[in-house]
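One structure is given below, encoded as structure tokens.
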Protein chains: 2
Amino acid sequence: MAAAKHSASKRSVSAQARRKQLIMATIKCIAQKGLSAVTMADITTEAGLSQGIVNLHFQSKEKLLIETLRYISDEYRSGLDNIFHDPKKTTAEKITAHIRYDFSRTIIDRNKLAVWFAFWGETKSRPTYLSICADYIADIASNLTQLFAQLKTEGNYANVDPELTCVCYTALADGLWLDLLVTPKGLKPKQAYNVAMHYLATQFPDHFQA
Amino acid sequence: MAAAKHSASKRSVSAQARRKQLIMATIKCIAQKGLSAVTMADITTEAGLSQGIVNLHFQSKEKLLIETLRYISDEYRSGLDNIFHDPKKTTAEKITAHIRYDFSRTIIDRNKLAVWFAFWGETKSRPTYLSICADYIADIASNLTQLFAQLKTEGNYANVDPELTCVCYTALADGLWLDLLVTPKGLKPKQAYNVAMHYLATQFPDHFQA
DNA sequence: TCGAAAAATGAATAACCATTCATTTACTAT
DNA sequence: ATAGTAAATGAATGGTTATTCATTTTTCGA
């Protein structure tokens with residue numbers, strides 16, 4: 001599809017594309033059949049490719065699963081990074097953008113949520129899964145805490161504890177995601193966003209509306 | 001061990017005990033190896049019994065898993081029921097007791113949390129798992145909303161939306177449980193309790209302290 | 001256009017695992 | 001005590017599935 005200047009680069013792009021294609025198929029299959037039931041055959045069929053293809057590109061099933069988790073993690077992290085480093089946004093705007101992002105189409109896609117929670121459910125027994133996310137979780141928490149600290153100063157919110165607010169918001173978002181995954185008929189994306197805003201409004205009433 | 005008056009009752013108690021023994025072993029094994037990797041051999045070995053025992057008492061692996069989820073669900077629900085129907089407690093005391101319970105030893109046991117999230121991670125692909133919990137989730141939400149509504153009246157909290165507060169608290173608790181499971185070194189039980197209290201204090205400042 | 005090298009295929013393999021059931025063990029009523 | 005019944009055992013079975021690799025197809029420089 002995409003043209004490349006030299007042969008080596010074209011091949012490597014193509015290999016990259018194959019890997020992504022397989023990762024996408026994996027996300028869909030985990031959502032459809034569950035992490036404990038997906039087979040290699042499911043994934044390769046979904047991708048429209050042959051049986052042996054995963055081992056060719058990822059060596060093993062386990063490595064494909066790990067790369068799938070990494071893909072989703074990276075996607076989430078990079079979206080937030082763009083917001084944090086946007087020089088045009090004020091502190092309050094960055095926080096608003098963060099929350100909008102947390103409940104945007106890309107993030108609350110139920111297939112991806114299913115993958116998130118499938119892996120969370122296994123972290124206790126497979127620390128590798130956690131280690132993939134540990135760094136970015138710490139980064140995001142650190143950035144968000146910083147934003148809250150700034151807004152506390154800017155808005156003279158004497159009683160706000162930025163770290164506590166960050167822990168609370170993060171846990172709230174996790175819980176809302178779980179709700180969106182398991183009871184999609186109960187909680188709608190917009191409501192989830194409103195709940196998150198409702199909490200922020202309790203901390204920064206002059207900047208956010210419930 | 002326990003004496004029984006008649007033979008039939010003794011046998012039946014014994015069968016019950018076997019089932020519970022196997023459920024306990026299942027909880028431990030899911031926590032240790034993950035839902036996607038537990039085998040019947042793991043479970044029977046952990047229980048110190050023979051291979052065929054699960055099929056004898058539960059017919060199949062899937063049924064044992066379902067009973068395990070049901071066991072944990074029932075345990076959680078019955079604990080909350082006792083609180084809701086305690087005639088000696090005021091509304092505020094019931095809410096406090098609910099939160100204390102949510103972050104008590106019994107509930108935040110990491111083995112049990114691992115089981116919870118293992119099943120949540122599979123609900124999209126196995127609606128049966130959700131159907132086991134759906135009723136009790138609705139019950140608990142309804143009870144909690146009612147408590148919040150009562151406290152709103154009793155304490156003249158004009159701005160509180162009981163339903164919103166219930167959704168927010170519930171999601172927050174879910175998120176904190178996830179934190180307790182995956183980053184036990186980061187978030188301690190007492191902190192998690194404090195975070196939950198912090199939120200409630202924003203809604204009912206005259207009744208709860210952050 | 002052609003040939004070498006990479007990519008992809010899919011049938012065969014070997015490991016794993018839930019379930020079965022013939023046999024053994026434990027219990028209880030007479 | 002003993003026969004009869006229920007519970008438990010664990011070796012054997014059959015189905016499933018990740019992985020391998022000999023073969024085929026595609027790509028691309030010369």
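Order of the sequence lines sets the chain letters (A, B, ...), proteins ahead of strands, with each chain counted from 1.
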Interatomic distance where [atom1] belongs to [X] and [atom2] belongs to [N] [whole Å]:
{"X": "K61(B)", "N": "dT16(D)", "atom1": "NZ", "atom2": "C1'", "answer": "12 Å"}
{"X": "Q16(B)", "N": "dA7(D)", "atom1": "CD", "atom2": "P", "answer": "13 Å"}
{"X": "I53(A)", "N": "dT24(D)", "atom1": "CD1", "atom2": "C1'", "answer": "13 Å"}
{"X": "L64(B)", "N": "dC17(C)", "atom1": "CG", "atom2": "C1'", "answer": "15 Å"}
{"X": "F58(A)", "N": "dA8(C)", "atom1": "CZ", "atom2": "P", "answer": "12 Å"}
{"X": "M40(B)", "N": "dT19(C)", "atom1": "CE", "atom2": "P", "answer": "5 Å"}
{"X": "Q51(B)", "N": "dT24(C)", "atom1": "CD", "atom2": "P", "answer": "19 Å"}
{"X": "Q59(A)", "N": "dA7(C)", "atom1": "CD", "atom2": "P", "answer": "13 Å"}

Item to complete: May I ask you to verify if any side-chain N or O of H57(B) is less than 4.0 angstrom from the OP1 or OP2 atom of dA8(D)?
Response: yes
Fill in: dA8(C) OP1/OP2 closer than 4.0 Å to side-chain N/O of R18(A)
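For R18(A), the contact criterion (side-chain N or O under 4.0 Å from OP1 or OP2 of dA8(C)) is met.
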Item to complete: Over 60° means perpendicular and under 30° means parallel, so classify the ring planes of Y101(A) and Y76(A), tilted if in between.
Response: parallel
Item to complete: List the atom of T106(A), the atom of K112(A), and the distance in Å for their closest heavy-atom pair.
Response: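 In this case the closest contact between T106(A) and K112(A) is O-NZ, 3.5 Å.
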Worksheet entry | Ion pair check, E46(B) and K33(B), cut-off under 4.0 Å |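 Salt bridge flag = no for K33(B) with E46(B).
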When you compare the side chains of [X] and [Y], does any donor N or O come within less than 3.5 Å of an acceptor on the partner?
{"X": "Q32(A)", "Y": "S125(B)", "result": "no"}
{"X": "N111(B)", "Y": "K124(A)", "result": "yes"}
{"X": "D42(A)", "Y": "T39(A)", "result": "yes"}

Fill in: DNA chain D contacts made by residues 30-37 of chain A, counting heavy atoms under 4.0 Å
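Nothing qualifies; none.
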Among the candidates [options], find the nucleotide nearest to the side-chain atoms of [X].
{"X": "N55(A)", "options": "dT19(C), dA8(C), dT19(D)", "value": "dT19(D)"}
{"X": "L56(A)", "options": "dC17(C), dG10(C), dA7(C)", "value": "dA7(C)"}
{"X": "S50(A)", "options": "dT19(C), dA8(D), dG10(C)", "value": "dG10(C)"}

Response to the item:
Between D102(B) and the options W177(B), Y169(B), Y193(B), the side chain to side chain donor-acceptor pair (under 3.5 Å) test singles out Y169(B)
